[in-house]
Amino acid sequence: MSTTTPDPWAPLPRDFYRRHPAEVAPELLNKLLVHDDGRAGRIVEVEAYAGAEDPAAHSFRGQTPRNATMFGEPGHLYVYFIYGLHWGSNAVCGEVGEGAGVLLRAIEPIAGLERMRALRPAARRDRDLANGPGKLSQAMGLTRAHDGADLVTGDRGVRIVTDGMPPPAEPRIGPRVGISKAIDFPWRWRTPLG
DNA sequence: GCACCGATGTTCT
DNA sequence: GAACATCGGTGCA
């Protein structure tokens with residue numbers, strides 16, 4: 001074909017992530033988290049976690065086996081286990097060694113809903129499939145096995161792509177939730193209706 | 001709709 | 001031991 005049809009789901013380039021997480025986070029809104037098996041959701045809520053400057057970040061006290069992925073190449077997935085029950089998923093940001101990331105807090109499911117329902121038996125309504133960091137990870141099947149996955153190349157079946165929808169012009173901004181330090185940082189962003 | 005609370009295991013003090 | 005980037009059930013409005 002000589003006339004080009006833009007890939008409707010174009011991956012975000014590595015350099016998209018190579019910035020401060022508070023700059024990357026609002027731009028991740030309305031992007032798509034997709035799985036090779038057809039599951040996909042639109043990112044509607046995120047939080048930024050910086051490194052040494054952010055007491056609430058897992059990376060604040062330096063690199064450990066648990067948070068090593070955060071200190072690696074941007075554009076990879078950092079998955080952590082929390083409260084003995086749940087997984088949380090982040091996009092690594094900034095430069096190598098910085099320890100920055102964006103916590104993916106909620107997606108609006110747009111494809112592969114049946115698979116998500118199977119993975120989320122506790123969800124009584126589709127709106128509860130992925131409206132929280134643990135629920136999002138469960139609905140997308142993200143666990144320790146995906147820690148370090150490359151979101152740019154999709155080496156483990158998961159990527160973040162764009163369908164051309166821009167981030168919201170006026171996202172809702174507020175403090176991060178579930179933390180006890182740096183509770184005043186306005187580093188949580190949501191789409192206006194999400 | 002909202003407030004409270006137990007579950008469960010890894011990490012760090 | 002304590003804290004933890006949470007969730008789902010229960011009780012009440």
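Residue numbers begin at 1 in each chain, while the letters A, B, ... track the order of the sequences.
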Peer 1: The criterion is side chain to side chain donor-acceptor pair (under 3.5 Å); which residues satisfy it with A:H35, sequence neighbours excluded?
Peer 2: A:D37, A:R39
Peer 1: For residues A:V34 and A:M116: do they belong to one hydrophobic cluster (side chain heavy atoms under 4.5 Å, members Ile, Leu, Val, Met, Phe, Trp, Tyr)?
Peer 2: no
Peer 1: Could you note down all residue pairs passing salt bridge (Lys or Arg N to Asp or Glu O under 4.0 Å) where residues 20-29 of chain A supplies at least one of them, sequence neighbours left out?
Peer 2: A:R19-A:E23, A:R19-A:E27
Peer 1: Going by the rule salt bridge (charged side-chain N to carboxylate O under 4.0 Å, His left out), which residues pair with A:R188 if we only count those two or more places apart in sequence or in a different chain?
Peer 2: A:E45
Peer 1: Counting runs of three or more consecutive pairs, Watson-Crick or G-U wobble, with each distance below 3.5 Å, where are the stems of DNA chain C?
Peer 2: B:1-7 with C:6-12, B:9-12 with C:1-4
Peer 1: Suppose we screen for salt bridge (charged side-chain N to carboxylate O under 4.0 Å, His left out). Which residues come up paired with A:D184, at least two apart in sequence or across chains?
Peer 2: none
Peer 1: Near A:R124 CZ, under 6.0 Å, is it more than 12 heavy atoms from other residues, nucleotides or ligands?
Peer 2: no
Peer 1: Run the salt-bridge test on A:D54 and A:R176 with the 4.0 Å N-O cut-off and return the result as yes or no.
Peer 2: yes
Peer 1: Let me know the distance between CG of A:D147 and C1' of C:dA5, rounded to the nearest Å.
Peer 2: 15 Å
Peer 1: Rounded to whole angstroms, how far apart are CG on A:L136 and P on C:dA5?
Peer 2: 17 Å
Peer 1: So does A:S180 get a side-chain nitrogen or oxygen closer than 4.0 Å to the phosphate oxygens (OP1/OP2) of C:dC4?
Peer 2: yes
Peer 1: With respect to the phosphate group of C:dA5, does any side-chain polar atom (N or O) of A:K181 fall under 4.0 Å of OP1 or OP2?
Peer 2: no
Peer 1: Along nucleotides 5-13 of chain B, 5' to 3', which nucleotides get a B, which get an S, and which get a -, given that the test is a protein heavy-atom distance under 4.0 Å?
Peer 2: --BBBSSSS
Peer 1: Between A:E47 and A:R105, does at least one N-O distance fall below 4.0 Å, as a salt bridge requires?
Peer 2: yes
Peer 1: Between A:H58 (side chain) and A:N67 (backbone), is there a donor-acceptor pair under 3.5 Å?
Peer 2: no
Peer 1: Expressed as a whole number of angstroms, how long is the span from A:L129:CG to C:dC7:P?
Peer 2: 13 Å
Peer 1: With sequence neighbours left out, what residues match A:F60 under ring-ring contact (aromatic ring centres under 6.0 Å, His included)?
Peer 2: none
Peer 1: Which ILVMFWY residues can you reach from A:Y83 by hopping between side chains whose heavy atoms are under 4.5 Å apart?
Peer 2: A:Y49, A:M70, A:F71, A:Y78, A:Y80, A:I82, A:V92, A:L103, A:I179, A:I183
Peer 1: When all nucleic acid strands are considered with a 4.0 Å heavy-atom cut-off, which category describes A:G134: base, sugar-phosphate, or nothing?
Peer 2: sugar-phosphate
Peer 1: A:L103 has an atom CG; how far is it from atom P of C:dC4, in whole Å?
Peer 2: 16 Å
Peer 1: For A:R159, check salt bridge (charged side-chain N to carboxylate O under 4.0 Å, His left out) against everything at least two apart and list the hits.
Peer 2: none
Peer 1: Just the atom pairs and distances: protein N or O near nucleotides 11-13 of chain C's N or O, under 3.5 Å.
Peer 2:
none

Peer 1: Quick one, which residues of residues 114-126 of chain A touch DNA chain B with a heavy atom under 4.0 Å?
Peer 2: none
Peer 1: Tell me: NZ of A:K135 to P of C:dG9, nearest whole Å?
Peer 2: 11 Å
Peer 1: Considering only residues two or more places apart or on different chains, which pairs with a residue in residues 57-85 of chain A satisfy salt bridge (Lys or Arg N to Asp or Glu O under 4.0 Å)?
Peer 2: A:R14-A:E73
